[in-house]
Each structure stands twice: as structure tokens, then as C-alpha cells.
Amino acid sequence: MMPARCTRAVQLALFVLMSGVAPASADDRAAAVSALAAAGVQVGSASLVQYAGLGDSYVVKQLLVAGVPADEALPGRSLRALHSAAAQGHQRIVEQLIAAGAGVDAVDDNGCTALAAASWRGHVQVMRKLFEAGASASAGAPLCPALHQAVMGARADAVALLLTHGADPDQQDSYQRDARSLARTLDREALLPAATQ
């Protein structure tokens, strides 16, 4: 993890060295902007969030090459492309965004991380990619704990994966409910193994 005091240029240089990915040349950026203009796609975070959610990896790649930061939130909001891709289960785009520097534990307007969005929908492969990239099972609490999202979505496989990665069933959400009490309220006690009861 890079210190907060690193400048953007230093962070980019470290990312390039660590990932082996070179930043796009001016010609590559210009070609990407032209391709996006020809397709009627505006260059900006709103397009990145939209096309990440739609699963269009080509447009997402062109937007990244054109210089749209992978972790830029929508103007006036906290929603990012990674949240959108994870919620829809677009693993390839999740991988693209992570490789381009998207913050895996960033929260959206509701306090949810990309992991919480994937957990609610049961996108286990996406969850695994997020964990591989360093996502925390407890990020987003208390507003939107990933384990609570998996329980609300009735996703047993997501619950199991979260518990394997250290999700705490005693962690409370903003309503002071732990995962067990939420499961009882929703009549989904079977989602949590007996060891966590």
C-alpha cells in the first residue's frame, strides 16, 4: 500500500514498476479518444461507470487508455466503475479496473464496497478476484458490511467465501444487527454455519 503523501506522479511510477504496465503514449490516448468519439462515447467517469456495468470491456479499455482514472467516482457521488462491474459480475472488467489502479475497498454513496456489491448478487468469482487484489471482508462497515449483503441476497456461497476470508458474523451494521440476527429476521439462519451461531 502506498503512503497517502505520495504524489500522483510517484503513485503512477510505482504502479508501472509493480505491474509492468506502461502508461499509454500520447498517440494511444489520441487513438482511444477518436475511437470513443466515433462510437458516441464521452470520455469521463460517467461513461466508465456505465460501460463497466454493461460489461463492455472494449469501451472500458479505451476509456482507460484515453486517461480516465480507474478509481474516479461519478461527479458529486462516490460510485465507481469497480462497483458497477462487480455488481453485475463482470469479472474481466473487474480485472481490468484493478490492473489500472481501482481501489478495491473504496465505498459508494451507500457505504458499500465492490465486494459488498458482488456479495449481494453472489458473484463469487468476482469476489475471489477482489480478495486476490487485497479487498477486506470488513470494509464498508457499518453502513454496508459484505456479509450482511450476502445474507440479504440469500447467497450461501458468498457467505461461505466471506467467512473464509475473515468476515466477522458479530460485526454490526448501522441498524446494530449482526449477521446472525439479520439472518434470523429474514428466516435465513441456514446461510450461517453452526460454528458461527
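This structure is a prediction, so every number in the text was calculated from the model and none was measured.
The side chain to side chain donor-acceptor pair (under 3.5 Å) search around S78 returns none, not counting sequence neighbours. Scanning for salt bridge (charged side-chain N to carboxylate O under 4.0 Å, His left out) contacts around E72 gives an empty result, with sequence neighbours left out. Under the salt bridge (charged side-chain N to carboxylate O under 4.0 Å, His left out) criterion, R155 pairs with no residue, sequence neighbours left out. Every residue meeting the salt bridge (charged side-chain N to carboxylate O under 4.0 Å, His left out) condition with R177, not counting sequence neighbours, appears here in chain and number order: D173.
Of the possible donor and acceptor atoms, one in the side chain of H83 sits under 3.5 Å from a partner among the backbone N and O of C112. When atom types are taken as modelled, the side chain of S34 and the backbone of A30 share a donor-acceptor pair closer than 3.5 angstrom. A donor-acceptor distance shorter than 3.5 angstrom exists from the side chain of S84 to the backbone of V49, with no hydrogens or angles considered. Checked by atom type and distance alone, the side chain of H165 never pairs as donor or acceptor with a backbone atom of S136 at under 3.5 Å.
Shortest non-hydrogen contact noted between A46 and L74 is CA-CD2, 3.3 Å. Between Q171 and H148, the shortest heavy-atom distance links the atoms O-CE1, 3.1 Å. For T113 against G140, the heavy-atom pair with the smallest separation is CG2-N, 4.0 Å. Between L163 and P169, the shortest heavy-atom contact is CD2-CD, 4.1 Å. Between M127 and L162, the closest heavy-atom pair is CE-CG, 3.6 Å. The two residues A158 and G122 make their nearest non-hydrogen contact at CB-CA, 4.4 Å.
Screening L54, V65, I93 against V60 for a side chain to side chain contact (heavy atoms under 4.5 Å, CB included) leaves a single residue, I93.
Sequence neighbours left out, the pairs with a member in residues 109-118 that pass salt bridge (Lys or Arg N to Asp or Glu O under 4.0 Å) are R77-D109.
Under a hydrophobic clustering in which Ile, Leu, Val, Met, Phe, Trp and Tyr are joined whenever their side-chain heavy atoms come within less than 4.5 Å, directly or via other members, L79 and L115 fall into different clusters. Transitive grouping of hydrophobic side chains (ILVMFWY, heavy atoms separated by less than 4.5 Å) keeps L143 and V104 in distinct clusters. Under the 4.5 Å side-chain heavy-atom criterion for Ile, Leu, Val, Met, Phe, Trp and Tyr, L191 and L147 are members of the same hydrophobic cluster.
Annotation: Q42, atom CD; neighbour count of heavy atoms from other residues, nucleotides and ligands within 6.0 Å does not exceed 12.
Listed by chain and number, the hydrophobic cluster partners of V107 come to none, as no ILVMFWY side chain reaches under 4.5 Å of it.
One finds no salt bridge joining R92 and E95 here, because no Lys/Arg side-chain nitrogen approaches an Asp/Glu carboxylate oxygen to under 4.0 Å.
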